[in-house]
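First up is the structure itself, then whatever we jot down about it.
Order of the sequence lines fixes the chain letters, A, B, ..., with proteins taken first and strands second; residue numbering starts at 1 for each chain.
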Amino acid sequence: MSKSKSPPFRTPAPLPAGKYLRLLGKPLLLGLPWAVLLALWTAVPHLSERYAALVPSPASVLRHALPMLADGSLFVHWAASASRVIGGVLLGVLAAVPVGFVLGWYAGARRLLTPLLNFFRALPPIALIPLTIVYFGIGEAAKILVLVYAAFFTAVVVLYEGISRIAPIYVNVARTLGASERELFLRVVLPLALPHVLTATRVALGVGWMTLVASELVSAQNGLGSMIQVAASYFQLEVIYLGLICIGFTAMAMDFLLVRLSARLVGWQERVK
Amino acid sequence: MGGIEFRNVSVRYPAAPNDGWVVKNLSLSLAKGEFVSLIGPSGCGKSTLLKLAAGMQAPTLGSLSIDGRPITGPGPERGVVFQEYGVFPWLSVRQNIEFGLTLRANRRAPAERAAIVDKYLELMGLADFRDALPGTLSGGMRQRVALARAYAVAPDYLLMDEPFAALDAQTRLVMHDLLLELQGRERKGVLLITHSVDEALYLSSKIVLISARPARLLEVVEVPFAHPRDETLRADPRFARLHAHLRQRVMQAYAEQQHQDNPHALPPENP
Ligand SMILES: Nc1ncnc2c1ncn2[C@@H]1O[C@H](COP(=O)(O)OP(=O)(O)OP(=O)(O)O)[C@@H](O)[C@H]1O
Ligand SMILES: [Mg+2]
(Lines give C-alpha, C1' and ligand atoms only; values in the text may rest on other atoms or scores of the structure.)
(Ligands and ions follow the chains in the order given, each with its own letter.)
Protein backbone atom coordinates (compact mmCIF):
# COMPACT_ATOMS: atom_id res chain seq x y z
CA MET A 1 0.00 0.00 0.00
CA SER A 2 1.44 3.34 -0.88
CA LYS A 3 1.55 5.66 2.05
CA SER A 4 1.83 8.93 0.21
CA LYS A 5 -1.25 10.01 -1.64
CA SER A 6 -0.29 13.19 -3.37
CA PRO A 7 -2.89 14.65 -5.71
CA PRO A 8 -2.32 13.66 -9.33
CA PHE A 9 -0.88 16.03 -11.88
CA ARG A 10 -3.71 17.75 -13.66
CA THR A 11 -1.87 19.62 -16.37
CA PRO A 12 1.53 18.24 -17.25
CA ALA A 13 3.97 20.85 -18.54
CA PRO A 14 3.93 20.75 -22.35
CA LEU A 15 7.03 19.53 -24.13
CA PRO A 16 8.80 22.30 -26.07
CA ALA A 17 7.89 20.69 -29.40
CA GLY A 18 4.30 20.25 -28.24
CA LYS A 19 4.07 23.96 -27.52
CA TYR A 20 4.77 24.92 -31.13
CA LEU A 21 2.45 22.26 -32.51
CA ARG A 22 -0.28 23.60 -30.23
CA LEU A 23 0.03 26.98 -31.92
CA LEU A 24 -1.31 25.36 -35.07
CA GLY A 25 -4.60 24.88 -33.30
CA LYS A 26 -6.16 21.64 -32.18
CA PRO A 27 -8.21 20.68 -35.29
CA LEU A 28 -5.25 21.33 -37.54
CA LEU A 29 -3.02 19.27 -35.27
CA LEU A 30 -5.43 16.35 -35.21
CA GLY A 31 -5.73 16.49 -39.00
CA LEU A 32 -1.98 16.43 -39.52
CA PRO A 33 -1.32 12.64 -39.43
CA TRP A 34 -4.34 12.10 -41.71
CA ALA A 35 -3.07 14.67 -44.17
CA VAL A 36 0.32 12.95 -44.24
CA LEU A 37 -1.33 9.58 -44.81
CA LEU A 38 -3.50 10.99 -47.59
CA ALA A 39 -0.48 12.61 -49.24
CA LEU A 40 1.45 9.34 -49.16
CA TRP A 41 -1.51 7.48 -50.58
CA THR A 42 -1.89 10.03 -53.36
CA ALA A 43 1.80 9.77 -54.16
CA VAL A 44 2.07 5.98 -54.35
CA PRO A 45 0.16 5.44 -57.65
CA HIS A 46 2.45 8.03 -59.29
CA LEU A 47 5.59 6.06 -58.43
CA SER A 48 5.29 3.57 -61.29
CA GLU A 49 2.87 1.86 -63.68
CA ARG A 50 2.82 -1.21 -61.47
CA TYR A 51 1.88 0.78 -58.38
CA ALA A 52 -0.76 2.66 -60.32
CA ALA A 53 -2.37 -0.66 -61.29
CA LEU A 54 -2.33 -2.04 -57.75
CA VAL A 55 -3.13 1.03 -55.64
CA PRO A 56 -6.17 3.05 -56.68
CA SER A 57 -5.81 6.77 -56.07
CA PRO A 58 -7.95 8.51 -53.44
CA ALA A 59 -9.73 10.32 -56.25
CA SER A 60 -10.74 7.10 -58.00
CA VAL A 61 -11.95 5.61 -54.70
CA LEU A 62 -14.06 8.73 -54.25
CA ARG A 63 -15.36 8.39 -57.83
CA HIS A 64 -16.54 4.87 -56.99
CA ALA A 65 -18.00 5.96 -53.68
CA LEU A 66 -20.20 8.74 -55.04
CA PRO A 67 -22.68 6.59 -57.00
CA MET A 68 -22.84 4.09 -54.12
CA LEU A 69 -23.60 6.96 -51.77
CA ALA A 70 -26.19 8.32 -54.18
CA ASP A 71 -28.11 5.06 -54.61
CA GLY A 72 -27.85 4.25 -50.89
CA SER A 73 -26.14 0.90 -51.39
CA LEU A 74 -23.09 1.92 -49.36
CA PHE A 75 -25.34 2.99 -46.54
CA VAL A 76 -27.18 -0.35 -46.64
CA HIS A 77 -23.90 -2.26 -46.34
CA TRP A 78 -22.65 0.05 -43.62
CA ALA A 79 -25.89 -0.09 -41.61
CA ALA A 80 -26.02 -3.89 -41.85
CA SER A 81 -22.49 -4.24 -40.47
CA ALA A 82 -22.80 -1.55 -37.82
CA SER A 83 -26.07 -2.88 -36.47
CA ARG A 84 -24.70 -6.43 -36.34
CA VAL A 85 -21.63 -5.26 -34.41
CA ILE A 86 -23.65 -3.17 -31.98
CA GLY A 87 -26.25 -5.89 -31.42
CA GLY A 88 -23.74 -8.71 -31.08
CA VAL A 89 -21.38 -6.81 -28.80
CA LEU A 90 -24.22 -5.57 -26.59
CA LEU A 91 -25.64 -9.06 -26.20
CA GLY A 92 -22.20 -10.54 -25.57
CA VAL A 93 -21.22 -7.95 -22.97
CA LEU A 94 -24.62 -8.16 -21.31
CA ALA A 95 -24.19 -11.89 -20.91
CA ALA A 96 -20.62 -11.41 -19.72
CA VAL A 97 -21.51 -8.99 -16.91
CA PRO A 98 -23.13 -11.48 -14.49
CA VAL A 99 -20.56 -14.17 -15.31
CA GLY A 100 -17.71 -11.67 -14.88
CA PHE A 101 -19.13 -10.64 -11.49
CA VAL A 102 -19.37 -14.20 -10.22
CA LEU A 103 -15.87 -15.06 -11.43
CA GLY A 104 -14.41 -11.81 -10.15
CA TRP A 105 -16.04 -12.03 -6.76
CA TYR A 106 -15.70 -15.71 -5.92
CA ALA A 107 -12.16 -17.05 -6.14
CA GLY A 108 -13.55 -20.59 -5.98
CA ALA A 109 -15.68 -20.11 -9.09
CA ARG A 110 -12.66 -18.59 -10.78
CA ARG A 111 -10.46 -21.60 -10.07
CA LEU A 112 -13.18 -23.96 -11.22
CA LEU A 113 -14.15 -22.22 -14.44
CA THR A 114 -11.05 -20.42 -15.70
CA PRO A 115 -9.62 -23.42 -17.60
CA LEU A 116 -12.94 -23.92 -19.36
CA LEU A 117 -13.10 -20.24 -20.16
CA ASN A 118 -9.57 -20.25 -21.55
CA PHE A 119 -10.40 -23.25 -23.74
CA PHE A 120 -13.34 -21.55 -25.41
CA ARG A 121 -11.64 -18.18 -25.51
CA ALA A 122 -8.72 -19.65 -27.42
CA LEU A 123 -10.94 -20.82 -30.28
CA PRO A 124 -10.76 -18.15 -32.98
CA PRO A 125 -14.33 -17.07 -33.79
CA ILE A 126 -13.40 -17.20 -37.47
CA ALA A 127 -12.65 -20.91 -37.13
CA LEU A 128 -16.13 -21.38 -35.71
CA ILE A 129 -17.84 -19.88 -38.74
CA PRO A 130 -17.97 -23.16 -40.72
CA LEU A 131 -19.66 -24.83 -37.74
CA THR A 132 -22.16 -22.04 -37.28
CA ILE A 133 -23.03 -22.31 -40.97
CA VAL A 134 -23.63 -26.04 -40.53
CA TYR A 135 -25.75 -25.58 -37.40
CA PHE A 136 -27.45 -22.25 -38.00
CA GLY A 137 -27.23 -21.69 -41.73
CA ILE A 138 -26.05 -18.44 -43.26
CA GLY A 139 -28.82 -16.27 -41.88
CA GLU A 140 -28.63 -13.25 -39.63
CA ALA A 141 -28.75 -15.32 -36.43
CA ALA A 142 -25.59 -17.25 -37.31
CA LYS A 143 -23.57 -14.08 -37.84
CA ILE A 144 -24.82 -12.46 -34.65
CA LEU A 145 -24.09 -15.63 -32.75
CA VAL A 146 -20.42 -15.68 -33.75
CA LEU A 147 -20.21 -12.06 -32.67
CA VAL A 148 -21.88 -12.72 -29.34
CA TYR A 149 -19.44 -15.55 -28.78
CA ALA A 150 -16.42 -13.38 -29.49
CA ALA A 151 -17.70 -10.42 -27.45
CA PHE A 152 -18.70 -12.62 -24.52
CA PHE A 153 -15.37 -14.33 -24.00
CA THR A 154 -13.41 -11.14 -24.54
CA ALA A 155 -15.56 -9.19 -22.10
CA VAL A 156 -15.68 -11.89 -19.43
CA VAL A 157 -11.92 -11.93 -19.06
CA VAL A 158 -11.57 -8.15 -18.89
CA LEU A 159 -14.43 -8.01 -16.38
CA TYR A 160 -13.31 -10.65 -13.94
CA GLU A 161 -9.73 -9.49 -14.01
CA GLY A 162 -10.95 -6.00 -13.14
CA ILE A 163 -13.50 -7.03 -10.56
CA SER A 164 -11.16 -9.42 -8.77
CA ARG A 165 -8.78 -6.47 -8.34
CA ILE A 166 -11.31 -4.21 -6.62
CA ALA A 167 -9.47 -2.92 -3.56
CA PRO A 168 -10.85 -4.67 -0.45
CA ILE A 169 -10.52 -1.42 1.51
CA TYR A 170 -13.74 -0.02 0.01
CA VAL A 171 -15.66 -3.16 0.82
CA ASN A 172 -14.31 -3.12 4.38
CA VAL A 173 -15.16 0.54 4.85
CA ALA A 174 -18.72 -0.01 3.65
CA ARG A 175 -19.15 -3.04 5.92
CA THR A 176 -17.95 -1.13 8.98
CA LEU A 177 -20.40 1.65 8.13
CA GLY A 178 -23.18 -0.92 8.31
CA ALA A 179 -23.75 -1.91 4.68
CA SER A 180 -25.71 -5.10 4.08
CA GLU A 181 -24.53 -7.50 1.38
CA ARG A 182 -27.10 -6.05 -1.01
CA GLU A 183 -26.07 -2.47 -0.30
CA LEU A 184 -22.44 -3.48 -0.62
CA PHE A 185 -23.10 -4.81 -4.09
CA LEU A 186 -25.27 -1.96 -5.32
CA ARG A 187 -23.46 0.94 -3.74
CA VAL A 188 -19.81 -0.14 -3.80
CA VAL A 189 -19.10 -3.09 -6.08
CA LEU A 190 -21.26 -1.83 -8.94
CA PRO A 191 -19.73 1.66 -9.15
CA LEU A 192 -16.25 0.16 -8.91
CA ALA A 193 -17.08 -2.36 -11.64
CA LEU A 194 -18.54 0.17 -14.09
CA PRO A 195 -15.16 1.26 -15.50
CA HIS A 196 -14.37 -2.38 -16.18
CA VAL A 197 -17.69 -2.89 -17.96
CA LEU A 198 -16.87 0.06 -20.20
CA THR A 199 -13.35 -1.20 -20.87
CA ALA A 200 -14.73 -4.64 -21.64
CA THR A 201 -17.19 -3.11 -24.12
CA ARG A 202 -14.36 -1.22 -25.79
CA VAL A 203 -12.21 -4.29 -26.21
CA ALA A 204 -15.22 -6.35 -27.34
CA LEU A 205 -16.08 -3.75 -29.99
CA GLY A 206 -12.64 -4.11 -31.53
CA VAL A 207 -12.89 -7.89 -31.53
CA GLY A 208 -16.47 -7.54 -32.79
CA TRP A 209 -15.47 -5.70 -35.97
CA MET A 210 -12.79 -8.24 -36.74
CA THR A 211 -15.12 -11.15 -36.24
CA LEU A 212 -18.03 -9.63 -38.09
CA VAL A 213 -16.15 -8.74 -41.22
CA ALA A 214 -14.62 -12.22 -41.28
CA SER A 215 -18.05 -13.79 -41.00
CA GLU A 216 -19.45 -11.50 -43.70
CA LEU A 217 -16.56 -12.42 -45.95
CA VAL A 218 -17.62 -16.05 -45.71
CA SER A 219 -21.34 -15.68 -46.05
CA ALA A 220 -23.52 -12.65 -46.40
CA GLN A 221 -25.67 -10.82 -48.91
CA ASN A 222 -24.95 -7.44 -47.40
CA GLY A 223 -22.54 -5.75 -45.04
CA LEU A 224 -19.14 -4.18 -45.58
CA GLY A 225 -17.44 -7.59 -45.40
CA SER A 226 -19.58 -9.00 -48.20
CA MET A 227 -19.15 -5.79 -50.20
CA ILE A 228 -15.37 -6.33 -50.00
CA GLN A 229 -15.74 -10.01 -50.90
CA VAL A 230 -17.85 -9.30 -53.99
CA ALA A 231 -15.50 -6.49 -55.07
CA ALA A 232 -12.55 -8.86 -54.72
CA SER A 233 -14.05 -11.33 -57.19
CA TYR A 234 -14.40 -8.53 -59.78
CA PHE A 235 -10.97 -7.09 -58.87
CA GLN A 236 -12.59 -3.75 -57.95
CA LEU A 237 -9.76 -2.52 -55.73
CA GLU A 238 -11.48 0.84 -55.26
CA VAL A 239 -14.45 -0.78 -53.56
CA ILE A 240 -12.18 -2.87 -51.33
CA TYR A 241 -10.45 0.32 -50.24
CA LEU A 242 -13.78 1.98 -49.70
CA GLY A 243 -14.97 -0.90 -47.50
CA LEU A 244 -11.82 -0.83 -45.40
CA ILE A 245 -12.08 2.92 -44.93
CA CYS A 246 -15.70 2.63 -43.82
CA ILE A 247 -14.84 -0.11 -41.31
CA GLY A 248 -11.90 1.85 -39.94
CA PHE A 249 -13.80 5.09 -39.49
CA THR A 250 -16.87 3.45 -38.01
CA ALA A 251 -14.82 1.47 -35.49
CA MET A 252 -12.92 4.63 -34.64
CA ALA A 253 -16.11 6.64 -34.14
CA MET A 254 -17.62 3.96 -31.90
CA ASP A 255 -14.49 3.84 -29.78
CA PHE A 256 -14.46 7.62 -29.56
CA LEU A 257 -18.06 7.72 -28.39
CA LEU A 258 -17.37 5.04 -25.80
CA VAL A 259 -14.37 6.94 -24.47
CA ARG A 260 -16.50 10.07 -24.17
CA LEU A 261 -19.17 8.09 -22.36
CA SER A 262 -16.55 6.64 -20.00
CA ALA A 263 -15.22 10.10 -19.22
CA ARG A 264 -18.73 11.19 -18.25
CA LEU A 265 -19.63 8.12 -16.22
CA VAL A 266 -16.35 7.26 -14.56
CA GLY A 267 -14.40 10.48 -14.78
CA TRP A 268 -13.60 10.06 -11.08
CA GLN A 269 -11.04 7.47 -12.10
CA GLU A 270 -8.42 10.13 -12.86
CA ARG A 271 -7.56 8.24 -16.00
CA VAL A 272 -4.42 9.12 -17.87
CA LYS A 273 -5.33 10.76 -21.12
CA MET B 1 -19.76 -1.07 32.40
CA GLY B 2 -19.39 -1.45 28.67
CA GLY B 3 -16.41 -1.50 26.41
CA ILE B 4 -14.51 -3.64 23.97
CA GLU B 5 -12.84 -6.60 25.59
CA PHE B 6 -10.14 -8.91 24.20
CA ARG B 7 -10.06 -12.14 26.25
CA ASN B 8 -7.01 -14.42 25.84
CA VAL B 9 -6.96 -13.74 22.14
CA SER B 10 -4.57 -15.60 19.83
CA VAL B 11 -4.36 -15.32 16.07
CA ARG B 12 -2.55 -17.66 13.72
CA TYR B 13 -1.96 -17.15 10.00
CA PRO B 14 -0.69 -20.50 8.71
CA ALA B 15 1.48 -18.69 6.18
CA ALA B 16 3.22 -16.38 8.68
CA PRO B 17 6.64 -17.21 10.20
CA ASN B 18 7.20 -18.69 13.71
CA ASP B 19 4.50 -21.32 13.47
CA GLY B 20 2.16 -18.63 12.22
CA TRP B 21 1.21 -17.17 15.61
CA VAL B 22 0.85 -13.43 15.18
CA VAL B 23 -1.03 -12.67 18.40
CA LYS B 24 -0.55 -14.77 21.49
CA ASN B 25 -2.84 -14.87 24.49
CA LEU B 26 -3.53 -11.17 24.61
CA SER B 27 -6.11 -9.61 26.91
CA LEU B 28 -7.03 -5.97 26.63
CA SER B 29 -9.96 -3.76 27.38
CA LEU B 30 -11.18 -0.46 26.05
CA ALA B 31 -13.79 1.19 28.24
CA LYS B 32 -16.45 3.50 26.84
CA GLY B 33 -14.96 6.97 26.54
CA GLU B 34 -11.43 5.76 27.03
CA PHE B 35 -8.71 6.68 24.53
CA VAL B 36 -6.23 3.84 24.18
CA SER B 37 -3.19 3.90 21.92
CA LEU B 38 -1.40 0.76 20.77
CA ILE B 39 2.29 1.06 20.00
CA GLY B 40 4.34 -1.81 18.66
CA PRO B 41 6.91 -2.67 16.02
CA SER B 42 5.99 -2.95 12.38
CA GLY B 43 4.58 -6.36 11.57
CA CYS B 44 3.90 -7.30 15.20
CA GLY B 45 0.17 -7.72 14.69
CA LYS B 46 -1.42 -4.35 15.50
CA SER B 47 -3.59 -4.13 12.42
CA THR B 48 -4.67 -7.68 13.12
CA LEU B 49 -5.87 -6.60 16.59
CA LEU B 50 -7.84 -3.74 15.08
CA LYS B 51 -9.46 -6.02 12.51
CA LEU B 52 -10.52 -8.33 15.33
CA ALA B 53 -12.17 -5.44 17.18
CA ALA B 54 -13.79 -4.24 13.96
CA GLY B 55 -15.22 -7.72 13.42
CA MET B 56 -13.50 -8.11 10.08
CA GLN B 57 -11.88 -11.34 11.20
CA ALA B 58 -12.26 -13.78 14.08
CA PRO B 59 -9.52 -14.82 16.53
CA THR B 60 -8.07 -18.33 16.28
CA LEU B 61 -8.39 -18.73 20.06
CA GLY B 62 -10.05 -16.61 22.72
CA SER B 63 -12.95 -14.21 22.32
CA LEU B 64 -13.91 -10.58 21.94
CA SER B 65 -16.95 -8.78 23.20
CA ILE B 66 -18.47 -5.34 22.95
CA ASP B 67 -20.69 -4.02 25.73
CA GLY B 68 -21.04 -7.60 26.94
CA ARG B 69 -22.08 -9.13 23.59
CA PRO B 70 -19.67 -11.24 21.55
CA ILE B 71 -18.27 -9.59 18.41
CA THR B 72 -19.43 -11.53 15.36
CA GLY B 73 -18.95 -8.96 12.61
CA PRO B 74 -18.69 -5.27 11.84
CA GLY B 75 -21.29 -2.95 13.34
CA PRO B 76 -22.16 0.71 13.06
CA GLU B 77 -21.45 1.21 16.78
CA ARG B 78 -17.78 0.74 15.85
CA GLY B 79 -16.41 3.26 13.36
CA VAL B 80 -13.16 2.37 11.62
CA VAL B 81 -10.61 4.68 10.05
CA PHE B 82 -8.18 2.72 7.95
CA GLN B 83 -4.54 3.35 7.22
CA GLU B 84 -5.39 3.83 3.53
CA TYR B 85 -8.47 6.01 4.30
CA GLY B 86 -10.65 4.24 1.73
CA VAL B 87 -12.48 7.40 0.69
CA PHE B 88 -14.86 6.35 -2.12
CA PRO B 89 -13.38 7.97 -5.25
CA TRP B 90 -16.66 8.08 -7.20
CA LEU B 91 -18.52 10.05 -4.51
CA SER B 92 -18.11 13.71 -3.63
CA VAL B 93 -16.90 14.76 -0.18
CA ARG B 94 -20.49 15.31 0.94
CA GLN B 95 -21.66 11.97 -0.43
CA ASN B 96 -18.76 10.21 1.27
CA ILE B 97 -19.64 11.66 4.68
CA GLU B 98 -23.30 10.90 4.05
CA PHE B 99 -22.69 7.31 2.94
CA GLY B 100 -23.27 5.56 6.28
CA LEU B 101 -26.41 7.59 6.96
CA THR B 102 -28.03 6.37 3.74
CA LEU B 103 -27.58 2.70 4.64
CA ARG B 104 -30.50 0.82 6.14
CA ALA B 105 -28.60 0.05 9.33
CA ASN B 106 -28.53 3.72 10.34
CA ARG B 107 -30.72 5.60 7.90
CA ARG B 108 -31.76 9.14 8.83
CA ALA B 109 -34.40 11.41 7.40
CA PRO B 110 -32.99 13.68 4.66
CA ALA B 111 -33.19 16.84 6.76
CA GLU B 112 -31.41 15.27 9.70
CA ARG B 113 -28.86 13.73 7.37
CA ALA B 114 -28.10 17.08 5.79
CA ALA B 115 -27.69 18.66 9.22
CA ILE B 116 -25.21 15.98 10.31
CA VAL B 117 -23.22 16.25 7.10
CA ASP B 118 -23.11 20.04 7.31
CA LYS B 119 -21.92 19.85 10.89
CA TYR B 120 -18.95 17.66 10.00
CA LEU B 121 -18.16 19.56 6.83
CA GLU B 122 -17.89 22.61 9.05
CA LEU B 123 -15.96 20.93 11.89
CA MET B 124 -13.44 19.35 9.56
CA GLY B 125 -12.96 22.50 7.49
CA LEU B 126 -14.27 20.79 4.38
CA ALA B 127 -17.23 23.07 3.68
CA ASP B 128 -15.61 24.62 0.60
CA PHE B 129 -14.91 21.19 -0.81
CA ARG B 130 -18.32 19.61 -0.28
CA ASP B 131 -18.80 18.84 -3.97
CA ALA B 132 -15.19 17.98 -4.78
CA LEU B 133 -14.22 14.47 -5.79
CA PRO B 134 -11.59 12.83 -3.57
CA GLY B 135 -9.15 12.61 -6.49
CA THR B 136 -8.70 16.37 -6.25
CA LEU B 137 -8.04 16.47 -2.49
CA SER B 138 -4.79 16.45 -0.54
CA GLY B 139 -3.90 13.54 1.75
CA GLY B 140 -4.83 15.51 4.86
CA MET B 141 -8.22 16.39 3.43
CA ARG B 142 -8.95 12.81 2.48
CA GLN B 143 -8.02 11.84 6.01
CA ARG B 144 -10.56 14.32 7.34
CA VAL B 145 -13.22 12.97 4.99
CA ALA B 146 -12.57 9.46 6.30
CA LEU B 147 -12.79 10.71 9.88
CA ALA B 148 -15.98 12.67 9.21
CA ARG B 149 -17.55 9.67 7.49
CA ALA B 150 -16.81 7.51 10.53
CA TYR B 151 -18.11 10.15 12.95
CA ALA B 152 -21.30 10.80 10.98
CA VAL B 153 -22.94 7.50 11.94
CA ALA B 154 -22.31 8.40 15.60
CA PRO B 155 -20.41 5.27 16.67
CA ASP B 156 -19.67 4.67 20.36
CA TYR B 157 -16.21 3.46 19.44
CA LEU B 158 -13.64 4.58 16.94
CA LEU B 159 -10.94 2.20 15.74
CA MET B 160 -8.10 3.90 13.91
CA ASP B 161 -5.16 2.25 12.19
CA GLU B 162 -2.25 4.67 11.84
CA PRO B 163 -4.64 7.31 10.52
CA PHE B 164 -2.06 10.08 10.46
CA ALA B 165 0.94 8.09 9.21
CA ALA B 166 0.79 9.45 5.67
CA LEU B 167 0.45 13.10 6.69
CA ASP B 168 3.20 15.68 6.95
CA ALA B 169 4.29 16.62 10.48
CA GLN B 170 2.42 19.93 10.47
CA THR B 171 -0.90 18.54 9.27
CA ARG B 172 -0.55 15.72 11.78
CA LEU B 173 -0.39 18.21 14.67
CA VAL B 174 -3.48 19.96 13.33
CA MET B 175 -5.28 16.61 13.13
CA HIS B 176 -4.31 15.83 16.74
CA ASP B 177 -5.97 18.98 17.99
CA LEU B 178 -8.99 18.35 15.78
CA LEU B 179 -9.35 14.87 17.20
CA LEU B 180 -9.06 16.18 20.77
CA GLU B 181 -11.70 18.78 20.02
CA LEU B 182 -14.05 16.14 18.62
CA GLN B 183 -13.41 14.00 21.69
CA GLY B 184 -14.31 16.98 23.85
CA ARG B 185 -17.66 17.29 22.04
CA GLU B 186 -18.66 13.66 21.89
CA ARG B 187 -16.52 11.33 23.91
CA LYS B 188 -15.94 8.01 22.18
CA GLY B 189 -14.00 4.92 23.10
CA VAL B 190 -10.98 5.16 20.81
CA LEU B 191 -8.46 2.52 19.86
CA LEU B 192 -5.61 4.22 18.03
CA ILE B 193 -2.74 2.36 16.42
CA THR B 194 0.37 4.43 16.01
CA HIS B 195 4.15 4.31 15.80
CA SER B 196 4.48 7.74 17.33
CA VAL B 197 5.09 7.99 21.08
CA ASP B 198 4.40 11.71 20.90
CA GLU B 199 1.02 11.16 19.23
CA ALA B 200 0.06 8.49 21.76
CA LEU B 201 1.02 10.63 24.75
CA TYR B 202 -0.71 13.74 23.43
CA LEU B 203 -4.01 12.02 22.65
CA SER B 204 -4.48 9.00 24.91
CA SER B 205 -5.67 8.22 28.38
CA LYS B 206 -3.86 4.88 28.22
CA ILE B 207 -0.95 3.56 26.16
CA VAL B 208 -0.47 -0.13 25.49
CA LEU B 209 2.97 -1.30 24.40
CA ILE B 210 2.90 -4.39 22.21
CA SER B 211 5.83 -6.80 21.95
CA ALA B 212 7.57 -8.08 18.83
CA ARG B 213 5.61 -10.85 17.07
CA PRO B 214 3.68 -12.68 18.38
CA ALA B 215 1.90 -9.67 19.86
CA ARG B 216 1.71 -9.68 23.66
CA LEU B 217 1.21 -6.89 26.19
CA LEU B 218 4.55 -5.45 27.24
CA GLU B 219 3.37 -2.61 29.40
CA VAL B 220 0.28 -0.52 30.00
CA VAL B 221 0.93 3.12 30.82
CA GLU B 222 -1.75 5.41 32.24
CA VAL B 223 -1.39 8.92 30.82
CA PRO B 224 -2.01 11.33 33.71
CA PHE B 225 -2.66 14.57 31.79
CA ALA B 226 -6.01 16.25 32.22
CA HIS B 227 -8.27 17.51 29.42
CA PRO B 228 -8.54 19.83 27.63
CA ARG B 229 -5.02 19.43 26.29
CA ASP B 230 -3.13 21.75 23.98
CA GLU B 231 0.32 22.35 22.56
CA THR B 232 1.72 23.48 25.93
CA LEU B 233 1.44 19.88 27.11
CA ARG B 234 4.39 18.96 24.92
CA ALA B 235 6.58 21.30 26.99
CA ASP B 236 5.51 19.69 30.30
CA PRO B 237 8.47 17.92 32.03
CA ARG B 238 6.21 14.96 32.89
CA PHE B 239 5.47 14.64 29.19
CA ALA B 240 9.19 14.55 28.46
CA ARG B 241 9.83 11.95 31.18
CA LEU B 242 7.06 9.62 30.00
CA HIS B 243 8.17 10.17 26.43
CA ALA B 244 11.74 9.11 27.26
CA HIS B 245 10.59 6.02 29.14
CA LEU B 246 8.17 4.88 26.44
CA ARG B 247 10.64 5.58 23.71
CA GLN B 248 13.24 3.37 25.32
CA ARG B 249 10.80 0.47 25.71
CA VAL B 250 9.52 0.89 22.17
CA MET B 251 13.04 0.91 20.74
CA GLN B 252 13.77 -2.39 22.48
CA ALA B 253 10.68 -4.04 21.05
CA TYR B 254 11.39 -2.63 17.58
CA ALA B 255 14.97 -3.92 17.70
CA GLU B 256 13.75 -7.34 18.73
CA GLN B 257 11.29 -7.44 15.85
CA GLN B 258 13.96 -6.34 13.43
CA HIS B 259 16.25 -9.08 14.65
CA GLN B 260 13.40 -11.59 14.22
CA ASP B 261 12.67 -10.47 10.67
CA ASN B 262 16.34 -10.23 9.67
CA PRO B 263 18.45 -12.42 11.99
CA HIS B 264 21.64 -12.06 9.94
CA ALA B 265 21.81 -8.32 10.22
CA LEU B 266 24.23 -6.79 12.69
CA PRO B 267 22.82 -6.74 16.23
CA PRO B 268 21.33 -3.37 17.07
CA GLU B 269 23.62 -1.08 19.00
CA ASN B 270 21.61 -0.71 22.15
CA PRO B 271 23.17 1.16 25.06
N1 LIG C 1 -3.91 -12.41 5.80
C2 LIG C 1 -2.68 -12.71 6.26
N3 LIG C 1 -2.10 -13.90 5.96
C4 LIG C 1 -0.89 -14.23 6.43
N5 LIG C 1 -0.15 -13.45 7.20
C6 LIG C 1 -0.65 -12.25 7.54
C7 LIG C 1 -1.94 -11.83 7.11
N8 LIG C 1 -2.18 -10.58 7.59
C9 LIG C 1 -1.08 -10.27 8.30
N10 LIG C 1 -0.16 -11.26 8.29
C11 LIG C 1 1.11 -11.27 9.00
O12 LIG C 1 0.85 -11.01 10.34
C13 LIG C 1 1.83 -10.15 10.88
C14 LIG C 1 1.16 -8.97 11.52
O15 LIG C 1 0.52 -8.20 10.54
P16 LIG C 1 -0.19 -6.82 10.92
O17 LIG C 1 -0.69 -6.25 9.66
O18 LIG C 1 -1.18 -7.06 11.99
O19 LIG C 1 1.07 -6.00 11.46
P20 LIG C 1 1.12 -4.49 12.01
O21 LIG C 1 1.59 -4.57 13.41
O22 LIG C 1 -0.13 -3.78 11.76
O23 LIG C 1 2.30 -3.90 11.12
P24 LIG C 1 2.49 -2.36 10.60
O25 LIG C 1 2.93 -1.56 11.78
O26 LIG C 1 3.59 -2.48 9.59
O27 LIG C 1 1.19 -1.92 10.02
C28 LIG C 1 2.78 -9.80 9.76
O29 LIG C 1 3.93 -10.59 9.91
C30 LIG C 1 2.03 -10.17 8.52
O31 LIG C 1 2.93 -10.65 7.56
MG1 LIG D 1 -0.70 -2.21 10.30
Problem - Of all pairs that satisfy side-chain hydrogen bond (donor to acceptor under 3.5 Å, both in side chains), the ones with a partner from residues 92-102 of chain A, not counting sequence neighbours - result: none
Completion exercise
residues 103-111 of chain B vs chain A, non-hydrogen distance cutoff under 4.5 Å, contacting residues -> B:L103, B:R104, B:A105, B:N106, B:R107
Handout entry: Within residues 87-97 of chain B, residues adjacent to chain A where the heavy-atom gap is under 4.5 Å
Key =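 Within residues 87-97 of chain B, near chain A: B:V87, B:F88, B:P89, B:W90.
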Problem - Contact residues of residues 158-188 of chain A (partner chain B; heavy-atom separation under 4.5 angstrom) - result: A:I169, A:Y170, A:N172, A:V173, A:A174, A:R175, A:T176, A:L177, A:G178, A:A179, A:E183, A:R187, A:V188
Exercise for the section: Count the heavy atoms of every other residue, nucleotide or ligand shown that sit under 6.0 Å from OH of A:Y106, and state whether that count exceeds 12. Expected result: no
Problem - Heavy atoms of other groups near B:E122 CD, more than 12 under 6.0 Å - result: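 It does not: B:E122 CD has 12 such atoms or fewer within range.
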Problem - Top of B:G100, B:P155, B:P74, B:A146 for chain A proximity - count of heavy-atom pairs under 4.5 angstrom - result: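 Heavy-atom pair counts peak at B:P74.
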